[in-house]
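Data block below; observations after.
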Number of protein chains: 2
Amino acid sequence: MPFTAAEENYIKTIFQLQLVEGMVSTNSVASTLETSAASVTDMLKKLKLKKLLVYEKYKGFKLNNEGKKAALSIIRKHRLWETFLVNILHFKWDEVHEVAEQLEHIQSNQLIDHLDNFLGNPQFDPHGDPIPDATGKMPVMTQINLTKFPLHIVGEVCSVGSQSSDMLSLLSHKQIEIGSTISVEQFFAFDESIDVKINNTLMVNISAKLAQHLYVKKLNYAS
Amino acid sequence: MPFTAAEENYIKTIFQLQLVEGMVSTNSVASTLETSAASVTDMLKKLKLKKLLVYEKYKGFKLNNEGKKAALSIIRKHRLWETFLVNILHFKWDEVHEVAEQLEHIQSNQLIDHLDNFLGNPQFDPHGDPIPDATGKMPVMTQINLTKFPLHIVGEVCSVGSQSSDMLSLLSHKQIEIGSTISVEQFFAFDESIDVKINNTLMVNISAKLAQHLYVKKLNYAS
DNA sequence: TTAAAATTTTAGATTTGTCTAAAAATATTT
DNA sequence: AAATATTTTTAGACAAATCTAAAATTTTAA
């Protein structure tokens, strides 16, 4: 059962809306996709016919398991392509969305599996968002080591991997504490140190050793 | 002026037909695209309106310069994607066509330019067909050194780069002469020797040095 | 050179995805 | 709780790309 590009766009949008809202409304989909409410209603009928969602007139709707499975497969494709565009073709991370929106509709499991392998089965895309695997499982982004945190993404310091007073005093000297927001701005290959921005203002340098002991979780979702 | 996927498929098909026929007929396009003659007529009107072809009712048609430019851009995309699929994602060369048919319709010059660079600005695709550059210029495949000839493609030996009797006696020992058909079947990295098939039957091994002196041109086109 | 055959075009219908305008249902407010 | 506002759905239309069947044109051949 392949889907059209239009169907896939609706499926993906509904999935993302129901993550935060639970139940989804016609208008919210319409404004996200920048289309009319009437068009959304039309598409809902088709998707209901294909047994992808639970929907009753005037009552709101949400994807069922089949629909969620489809959505995860599309999101997988989108995020793998974004990873390809940034890591391999050296697009800037804010230039990839439009192209990935097209690439995600290419129909070929073989293509996606090969791409996944070529990229080294990445767990997170360049925006820091988790990439579902072929079975639809998403790695939960609880916390991730600062050394593996994507560039220019704002996260929150959520744990420190050691309680040594030497380390804690260094942290306070750099004005870093649990709950601080942090983003990695630059990586220096020579000594593997990184420049990070704390609380959106202060720029400090962090050694590789310190970074290895800081765990961060992503804050605001994008893409 | 972006084209729809359907328009692009017609443009590409007409281009390839007019290369051999000069003038193109409705039926030839219909059978190539496995559609009805009526559909072709409909599309011809649209393409004429967009000033891509010279067409008068019942008289046959062909792409004008604008149309050829469009066709070359599509062929460029198709062949670059095929190169990517085979060289980078390790598809077999006979598995790529269907996927490349989809990928060629992705709209992004930036994407194609980056892909071209990433692949090292290849001149020929895995089938041995020439890849147009960004301005639409195609390298003419006159003859190409055997060491650069694509795998599993049948070519014709068209010149030998030396007249030394040592070399010519070696060639006749291996039953290779001007006009023999030849295809490269395997490359051995250790000594850079290659196994080739001569006249579709005899398999012989050729040293790197000998291969460097053999020039071959591709025989039968495939896409 | 006219009759038959083949090709091409037109006419009218269908599917997909979209739209606007109006009607129906639900929600909000006084 | 009635009036008003908002949301959602329906009705009818349109553009793109396709189809079949019939008409128009060109080609072939008797």
Side-chain angles (χ1 to χ4, degrees), chain A residues 1-14 17-18 20-63 67 70-71 74 101-102 104-107, chain B residues 1-14 17-18 20-63 67 70-71 74 101-102 104-107:
Chain A
M1 48 187 107
F3 305 109
T4 67
E7 286 170 341
E8 292 194 338
N9 287 333
Y10 278 95
I11 292 167
K12 198 177 64 166
T13 299
I14 295 168
L17 287 171
Q18 85 185 35
V20 280
E21 293 182 31
M23 214 67 173
V24 184
S25 75
T26 302
N27 263 355
S28 63
V29 174
S31 71
T32 305
L33 288 178
E34 290 178 299
T35 186
S36 71
S39 303
V40 176
T41 303
D42 288 344
M43 183 58 86
L44 289 177
K45 288 185 201 155
K46 288 175 206 163
L47 296 179
K48 185 183 185 181
L49 215 76
K50 295 199 174 190
K51 299 192 196 307
L52 294 173
L53 46 74
V54 183
Y55 164 53
E56 267 178 297
K57 286 209 295 192
Y58 295 104
K59 300 291 184 177
F61 47 89
K62 60 182 178 188
L63 296 176
I74 301 159
E101 286 287 302
Q102 295 183 65
E104 75 189 3
H105 301 304
I106 303 289
Q107 304 282 352
Chain B
M1 44 185 107
F3 304 109
T4 67
E7 286 169 341
E8 292 194 337
N9 287 333
Y10 278 95
I11 293 167
K12 198 178 63 165
T13 298
I14 295 168
L17 288 172
Q18 85 185 36
V20 281
E21 294 182 33
M23 213 68 173
V24 185
S25 74
T26 304
N27 264 355
S28 64
V29 174
S31 70
T32 305
L33 288 177
E34 291 179 299
T35 185
S36 71
S39 302
V40 176
T41 302
D42 288 345
M43 184 57 87
L44 289 176
K45 289 186 201 156
K46 286 176 208 164
L47 296 180
K48 186 182 185 181
L49 215 79
K50 295 199 173 189
K51 298 194 199 304
L52 295 173
L53 45 76
V54 183
Y55 164 53
E56 268 178 293
K57 283 209 297 192
Y58 295 105
K59 300 287 185 183
F61 46 89
K62 60 183 179 187
L63 296 176
I74 300 159
E101 286 289 301
Q102 295 182 64
E104 74 188 4
H105 301 304
I106 302 290
Q107 307 280 354

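Please read all numbers here as calculations on a predicted model, not as lab measurements. Proteins get letters first, then strands, A, B, ... in listed order; numbering begins at 1 in each.
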Flag the pair B:Glu21 / B:Lys62 as yes when at least one side-chain heavy-atom distance between them is below 4.5 Å, and no otherwise.
-> no

Check every nucleotide of DNA chain C for an atom under 4.0 Å from a heavy-atom of chain B, then give the first and the last such nucleotide from 5' to 3'.
-> C:dT7 to C:dT10

Among A:Lys12, A:Lys46, A:Lys50, find the residue that satisfies the side chain to side chain donor-acceptor pair (under 3.5 Å) test when tested with A:Glu7.
-> A:Lys50

In whole angstroms, the gap separating P of D:dT27 from NZ of B:Lys59 amounts to 7 Å

One should read off an interatomic distance between B:Leu47 CG and B:Lys45 NZ, to the nearest 0.5 angstrom, of 12.5 Å

DNA chain C: 5'-proximal contact among A:Ser36 and A:Tyr58 (nearest heavy atom) = A:Ser36

For B:Leu33 and D:dA17, what is the distance between atoms CG and P respectively, to the nearest whole Å?
-> 13 Å

Do B:Met43 and B:Lys48 have side-chain heavy atoms sitting under 4.5 Å apart?
-> no

Using a cut-off of 4.0 Å on non-hydrogen atoms, how would the nucleic acid contact of B:Tyr55 be classed: base, sugar-phosphate, or nothing?
-> sugar-phosphate

Quick one: are B:Glu104 and B:Asn9 in side-chain contact, heavy atoms under 4.5 Å?
-> yes

With a 4.5 Å limit on heavy-atom distance, are the side chains of A:Phe61 and A:Val54 in contact?
-> no

Taking CE from B:Met23 and P from D:dT27, how many angstroms apart are they, rounded to a whole number?
-> 12 Å

Can you name the residues that form a side-chain hydrogen bond (donor to acceptor under 3.5 Å, both in side chains) with B:Gln102, not counting sequence neighbours?
-> none

For B:Tyr10, answer base if it contacts any base atom (sugar-phosphate contacts may also be present), sugar-phosphate if it contacts only those atoms, and nothing otherwise; contact means non-hydrogen atoms under 4.0 Å.
-> sugar-phosphate

Near-strand residues of residues 38-46 of chain B, defined as heavy-atom separation under 4.0 angstrom from DNA chain D = B:Ala38, B:Ser39, B:Asp42, B:Lys46

Is any side-chain heavy atom of B:Gln18 less than 4.5 Å from a side-chain heavy atom of B:Leu63?
-> yes

Atom CD of A:Glu56 to atom C1' of D:dT8: distance rounded to whole Å?
-> 14 Å

